[in-house]
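A short worksheet on the structure shown next.
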Amino acid sequence: GAGVSQSPSNKVTEKGKDVELRCDPISGHTALYWYRQSLGQGLEFLIYFQGNSAPDKSGLPSDRFSAERTGGSVSTLTIQRTQQEDSAVYLCASSLVRGADQPQHFGDGTRLSIL
Amino acid sequence: GNSVTQMEGPVTLSEEAFLTINCTYTATGYPSLFWYVQYPGEGLQLLLKATKADDKGSNKGFEATYRKETTSFHLEKGSVQVSDSAVYFCALSDSGGYNKLIFGAGTRLAVHP
C-alpha cells in the first residue's frame, strides 16, 4: 500500500530482552517521527529524522532506546533490556517535507507487551 | 514549554446532536494546529488542520477555527453520526520544536443511535 508500514503489528517479549521495531515511511517522505502511545502518558514524541541531518532525540525516555534510519528511508527503533513500563503502542509517522504545517501520516503502530 | 489541553471524555451523544470538543494550547511561537482521529482498531488519521490565526480547517462535516486571542482550536460538528465514534486528539506543531507533534490527552466520543 501507499501508507506508512510498521512491523510487527504485535510483539510480546519477556522483561530484559531487546526488541526491534520497524517503520517503512511513505515513499518520498523526508521526515520521519516515532511516537509512543501509552495509557498513563498519552501520545509522546520520541525521535525525529529529517533527511541526512542529525536526528532530534530529545524525546527518548532513556539510553535503552535508540533509533536509526538507513538510506533516508526505513527506520528501526530498538529498545534494549526491556522493562514493563515500555509496554505501549509505538507509532511511526512521516511527512513529505519538514515544516510545522505539514501533516504527519501515521502507521497502525506496533503494540509492545513486556511480560 | 508547548502544551495542549483537551476536555476530558468520554463524550456521549445521540445521533444528530451537536458536538463540541474543546482544545486550548500554550505555545511560544506560531504553531500549526491539527485534529487527529483514531477510530476503533485503526491508526491515527489527520482530520483537519489550520496553520495560522483565523484559519478554519474542515473535513467530513467537522470544523475548527484557529483562535490566537483565546489560544483555542475547538472541534465542532453540527450533526454527529454513529460512525463518528472514535478518540479525537488535538495537536500542535511548532517549527521551533523540529515540527514534532504535541498531543492533547484525547477525547473519546461515543454516539448512540
Side-chain angles (χ1 to χ4, degrees), chain A residues 1-7 9-10 23-26 29-51 53-60 67 69 88-111, chain B residues 1-10 23 25 27-53 55-59 64 66 73 86-108:
Chain A
V4 176
S5 178
Q6 291 188 245
S7 61
S9 55
N10 284 283
C23 172
D24 201 342
I26 294 172
H29 280 197
T30 63
L32 186 148
Y33 305 79
W34 283 98
Y35 295 87
R36 180 168 71 173
Q37 186 175 22
S38 57
L39 279 176
Q41 301 297 322
L43 274 156
E44 306 171 276
F45 165 78
L46 297 177
I47 188 169
Y48 159 65
F49 295 91
Q50 171 61 49
S53 302
D56 172 14
K57 304 179 181 179
S58 60
L60 294 179
R69 188 179 185 192
V89 178
Y90 289 82
L91 296 170
C92 178
S94 68
S95 64
L96 184 59
V97 294
R98 172 180 173 170
D101 61 335
Q102 295 297 310
Q104 295 178 24
H105 302 267
F106 284 81
D108 288 341
T110 294
R111 182 176 298 278
Chain B
N2 296 343
S3 65
V4 175
T5 302
Q6 282 182 243
M7 64 186 289
E8 293 188 16
C23 171
Y25 67 90
T28 52
Y30 298 92
S32 293
L33 301 174
F34 304 85
W35 278 99
Y36 281 83
V37 59
Q38 190 169 34
Y39 297 103
E42 298 185 17
L44 273 171
Q45 302 175 25
L46 176 69
L47 181 59
L48 53 83
K49 71 172 188 177
T51 59
K52 61 183 187 297
D55 267 3
K56 177 186 284 188
S58 61
N59 186 26
Y66 189 140
F73 193 55
V87 181
Y88 292 82
F89 293 91
C90 185
L92 70 81
S93 174
D94 190 336
S95 59
Y98 290 95
N99 312 316
K100 62 178 179 278
L101 287 169
I102 296 171
F103 289 91
T107 302
R108 183 175 299 277

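Residues of residues 38-46 of chain B placed with any heavy atom under 4.5 Å of a heavy atom in chain A are listed by number as Gln38(B), Gly43(B), Leu44(B), Leu46(B).
Qualifying salt bridge (Lys or Arg N to Asp or Glu O under 4.0 Å) partners for Arg69(A), counting only residues two or more places apart in sequence or in other chains: none. Qualifying side-chain hydrogen bond (donor to acceptor under 3.5 Å, both in side chains) partners for Tyr88(B), counting only residues two or more places apart in sequence or in other chains: none. Taking the side-chain hydrogen bond (donor to acceptor under 3.5 Å, both in side chains) definition, one finds that Thr110(A) meets it with nothing, sequence neighbours left out.
Atom CD of Gln104(A) is separated from atom CZ of Phe34(B) by 7.0 Å, given to the nearest 0.5 angstrom.
A heavy-atom distance below 4.5 Å is not found between the side chains of Leu101(B) and Tyr33(A).
Of the atoms belonging to Glu44(A), not a single heavy atom falls under 4.5 Å from chain B.
The side-chain tip of Lys100(B) points at the ring of Phe45(A) from less than 6.0 angstrom away and within 45° of straight on.
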